[in-house]
Structures are given as C-alpha cells and as structure tokens.
Amino acid sequence: MSAFWIAVIGSSALAFAIKFIGASVPETYLSNPRILRINTLIPVALLSALIAVNTFANKTQLTLDNRALGMAAAVVLLIAKAPFPVVVLGAAVTSALAYRYI
Amino acid sequence: MSVKRDSFSVSITVGAYGSAFGAAAVAADFSVLQACLLSLLLFSGASQFAVVGVIAAGGTPINAIATSTLLGTRNGLYGLRLAPILKLRGLKRVVAAQITIDESTGVALAQNNESDMRKGFWYTGFGVYIFWNLFTLAGALGAQAIGNPSAWGLDAAVPAAFLGLLWPRLSDRKSWVLAGFAIVLALTLTPFVPTGIPIISCTLLAVIIGWRK
C-alpha cells in the first residue's frame with residue numbers, strides 16, 4: 001500500500017475514533033483544567049510548525065522562495081480582516097507571480 | 001430562524017474553503033479520490049491539511065497520521081461538551097461524532113437554549129459536510145487540470161491555509177509566544193532530523209506552556 005493510502009486511511013480512522021470516544025464518555029473525564037488548556041494550545045503549536053515548514057523548508061533544507069512572498073501577502077490580508085478564501089487565493093496569486101518573475 | 005441563517009452562512013463560507021484543500025491535496029500528489037476520501041472520512045479541516053502538509057514536505061505516513069490525530073484531539077473534547085445536550089444514542093451517535101468539528105460546535109455553543117443548540121449543531125454539521133465535500137471535489141479536479149502547482153501558487157496555498165486556521169486562535173499573549181517558539185523550534189530542527197519530526201516535536205511546547213496557568 002502506498003504512503004498516500006496509509007496516511008489517508010490511518011488518519012481518517014483515528015480522527016473518527018477520537019470524535020466517537022468524545023461523544024461516548026462521561027464529561028467528568030478529561031475536564032481537568034490543565035488538560036483543557038494544553039488541548040487548546042496543541043493546534044497553535046502544530047499549525048505554527050506546519051506554517052514554518054511548509055513555507056521555509058524543502059525536505060530537510062531551509063529555503064527562501066516564492067512561498068515566503070505568498071505568505072507575506074497572506075499576513076497582510078489577515079491583518080486587513082480578509083475572509084479565508086481571499087487569504088488563500090491572495091497567497092497563491094502572489095506566490096505564482098513571484099515564481100514566474102523572480 | 002436565525003439558527004438556520006447562521007448555520008447556512010457558516011456552511012457555505014467554510015465549505016468553499018474545501019476547494020483550497022482539494023487543490024492542495026492534488027498539488028501534493030494525492031489523487032482526486034484520496035482528496036475526496038479525506039474530506040468524506042476524516043472531515044476536519046486542520047487535520048486534513050496536516051496530512052497533506054506533512055506528506056508534501058516529505059514526511060512519513062506515520063508522521064502525517066500522528067500530526068493529524070493530535071490536531072483532531074479537540075474534536076473529542078467538543079463531543080464531550082456536546083453529548084449531554086445532543087442526547088445521543090446508536091446510529092445518531094455515530095453520525096453526530098463524524099460531524100463534530102469546530103464549526104458545528106461553535107454554532108451550537110453560540111445559541112441560548114438547548115433546542116437551538118441542537119439545531120445549530122445538526123444544521124451546521126450537515127451543511128459544512130455537504131459543501132466541504134462538493135468544494136473538495138471541485139478544487140481537486142481544478143488542480144488536476146492545471147499542472148505545475150508552483151506556477152499557480154498552490155505551494156503557498158497550503159501554509160496560507162494553515163495561517164488562516166491559526167489566526168483566530170492567536171487570542172492572547174500565551175498563544176503568540178507559543179506560535180513564535182514553535183516556528184523557531186520547527187525550523188531549527190528541520191536540517192537535523194527526518195521531515196515531519198520538527199512539526200510533531202512542537203506538541204511538547206504546547207504541554208510546557210499550557211502546564212502553568
């Protein structure tokens with residue numbers, strides 16, 4: 001089985017397992033404030049790391065390329081309170097232009 | 001009435017975002033079928049982008065699964081919070097679990113009484129599910145038609161999508177500090193450890209920063 005299929009099936013199965021367990025166990029479990037705090041911070045840590053790696057890395061090499069300009073555009077659009085699809089599109093267009101002309 | 005309107009507007013806006021996911025998945029060499037299956041089965045935006053992002057960066061499938069699963073833990077806690085309100089049993093519990101995501105939970109918890117909360121959850125959950133999957137297919141087919149992803153900026157669409165998901169979570173100083181440390185740690189580790197490890201290592205930062213009040 002290819003890496004892609006393993007990733008698709010494995011992540012889907014575990015995602016559902018977590019959702020189902022959450023809907024099934026009594027609320028008294030896991031309502032410890034420390035666990036709740038860490039749980040809200042985990043997405044912040046992982047998303048930040050994903051942004052960094054997907055912008056500035058190529059496999060195990062650090063790079064500075066058209067993607068960085070795309071991300072700069074995304075930051076500007078988010079500060080200007082643009083809606084999500086506009087942010088993604090703005091980043092893509094900027095990155096594509098940079099790829100073509102730089 | 002306003003529950004329906006809220007649910008619909010959230011569904012269409014968030015659903016449209018599915019086209020970015022479909023395009024990003026295909027740009028990362030997933031097939032159209034695999035992109036659609038992720039939206040149908042995994043159905044949690046950040047986790048789906050994580051699977052694609054880790055694989056696109058050259059990470060192993062185990063790493064992709066681990067990152068995506070850690071991002072999905074919050075859905076379990078949403079379920080914990082919603083289950084007593086939704087009064088779930090049998091097949092209804094299975095269906096509710098699958099559509100327990102940021103948006104269905106958000107709209108539900110924004111309502112004033114339990115009846116509206118239930119409506120908000122089901123309308124938004126189904127609404128996002130339908131639009132997200134339709135737009136995923138459209139985005140995947142679109143990306144398949146256009147060829148070189150860099151020429152169309154699709155390589156920047158993935159991190160931009162992550163940034164769009166991160167932005168609303170940067171609500172206090174603690175989360176900004178954590179985001180800064182995570183970016184530095186991930187980039188520092190990148191040249192020295194296998195791809196994917198720098199990302200998952202940042203979970204540790206969340207534990208350290210979340211440990212104290």
Side-chain angles (χ1 to χ4, degrees), chain A residues 3-8 10-12 14-16 18-25 27 30-31 34 36-57 59-62 66-67 70-71 74-75 78 83-85 87-88 91-96 99-100, chain B residues 16-17 20 30 34 37-38 41-42 44 47 51 53 55 57-58 61 64-65 68-72 74-77 79-80 83 88 93 96-97 100 150 152-153 155-167 169 175 178-179 182-183 186-187 190-191 195 199 202 205-207 209-210:
Chain A
F4 291 93
W5 278 113
I6 296 170
V8 169
S11 57
S12 297
L14 285 174
F16 181 76
I18 285 174
K19 289 172 177 171
F20 191 76
I21 290 167
S24 307
V25 301
E27 195 176 7
L30 296 175
S31 55
R34 179 170 286 161
L36 294 178
R37 225 165 33 235
I38 291 172
N39 183 68
T40 50
L41 289 176
I42 283 177
V44 174
L46 290 176
L47 290 170
S48 305
L50 280 161
I51 291 166
V53 170
N54 279 283
T55 307
F56 298 110
K59 308 271 185 228
T60 58
Q61 267 188 325
L62 296 179
N66 53 302
R67 292 172 297 172
M71 286 304 280
V75 171
L78 280 165
F84 278 4
V87 172
V88 175
V93 169
T94 310
S95 177
Y99 181 82
R100 190 153 309 177
Chain B
Y17 207 41
F30 284 78
Q34 286 165 337
L37 283 177
L38 279 170
L41 302 176
L42 203 172
S44 188
S47 293
V51 172
I55 296 282
I65 293 169
S68 132
T69 303
L70 278 166
L71 272 168
R74 65 185 194 288
N75 292 326
L77 294 185
L80 221 54
L88 302 168
R93 194 194 297 276
T100 301
S150 292
W152 293 83
D155 50 355
V158 176
F162 286 128
L163 186 64
L165 293 166
L166 173 66
W167 203 257
R169 295 173 197 281
S175 46
L178 174 59
I183 288 170
L187 292 180
T190 292
T195 311
I199 298 164
C202 291
L205 291 174
V207 174
I209 293 185

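Order of the sequence lines fixes the chain letters, A, B, ..., with proteins taken first and strands second; residue numbering starts at 1 for each chain.
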Is there a side-chain contact between B:Asp155 and A:Ser95 in this structure, where contact means two heavy atoms from C-beta onward sitting under 4.5 Å apart? yes
Contact check, side chains of A:Thr55 and B:Val158, non-hydrogen atoms, under 4.5 Å: no
Do B:Arg169 and A:Pro43 touch side chain to side chain, with heavy atoms closer than 4.5 Å? yes
Taking the side chain as every heavy atom from C-beta outward, state whether B:Leu77 and A:Leu36 have any pair of such atoms under 4.5 Å apart. yes
Would you mind telling me which of B:Ala206, B:Gly79, B:Pro159 has the largest number of heavy-atom pairs within less than 4.5 Å of chain A? B:Pro159
Between B:Cys202 and A:Ala45, the two heavy atoms sitting closest are O-CB, 3.3 Å
Taking all non-hydrogen atoms of both residues, which atom of A:Ala7 and which atom of B:Ile55 are closest, and how far apart? CB-CD1, 4.1 Å
Closest approach of A:Val53 and B:Leu187, non-hydrogen atoms and distance? N-CD2, 4.4 Å
So which atom in A:Phe16 and which in B:Ala97 form the shortest heavy-atom distance, rounded to 0.1 Å? CE1-CB, 4.0 Å
Identify which of A:Thr94, A:Leu62, A:Val87, A:Val44 forms the greatest number of heavy-atom pairs closer than 4.5 Å to chain B. A:Val44
Top contributor to chain A contacts, counting heavy-atom pairs under 4.5 Å, from B:Ala186, B:Ala83, B:Ala182, B:Pro61: B:Pro61
Is A:Lys19 reaching over with its side chain to a backbone N or O of B:Leu42, donor-acceptor style, under 3.5 angstrom? yes
One should read off an interatomic distance between B:Leu71 CG and A:Leu46 CG, to the nearest 0.5 angstrom, of 4.5 Å
Compare all side-chain heavy atoms of A:Met71 with those of B:Leu163 and state whether any distance is below 4.5 angstrom. yes
Applying a strict 4.5 Å limit to non-hydrogen atoms, the region of B:Val51 in contact with chain A is side chain
Working to the nearest 0.5 angstrom, can you tell me the gap between A:Trp5 CH2 and B:Leu37 CG? 5.0 Å
Picking from A:Ile42, A:Leu14, A:Leu78, A:Ile6, which has the most non-hydrogen pairs under 4.5 angstrom with chain B? A:Leu78
Only one of A:Leu47, A:Ile51, A:Leu50 passes side-chain contact (heavy atoms from CB on, under 4.5 Å) with B:Ile199; say which it is. A:Leu50
Under 4.5 Å heavy-atom distance to chain A, tell me which part of B:Ala179 shows up: side chain, backbone, both or neither. both
Count the heavy-atom pairs under 4.5 Å between each of B:Ala161, B:Pro191, B:Gly72 and chain A, then report the option with the highest count. B:Pro191
With sequence neighbours left out, write down each residue that passes ring pair (Phe, Tyr, Trp, His ring centres under 6.0 Å) with A:Phe56, or none if nothing qualifies. none
Pairwise side-chain contact, B:Leu166 with A:Ser48, heavy-atom cut-off 4.5 Å (strictly under): yes
Residue, of A:Gly10, A:Ala3, A:Ala57, A:Ser12, that accumulates the most heavy atom pairs under 4.5 Å with chain B: A:Ser12
Where B:Leu165 and A:Phe84 come nearest, the two heavy atoms and their spacing: N-CZ, 4.4 Å
Between atom CG of A:Asn39 and atom CG of B:Asn75, what is the distance when rounded to the nearest 0.5 Å? 9.5 Å
At a heavy-atom separation under 4.5 Å, does B:Trp152 approach chain A through its side chain, its backbone, both, or neither? backbone
Measure across B:Gly53 and A:Asn54 and return the closest heavy-atom pair with its distance rounded to 0.1 Å. O-OD1, 3.5 Å
To the nearest 0.5 Å, what is the distance between CD1 on A:Ile18 and OG on B:Ser47? 7.5 Å
Part of A:Ser24 lying under 4.5 Å from any heavy atom of chain B: both
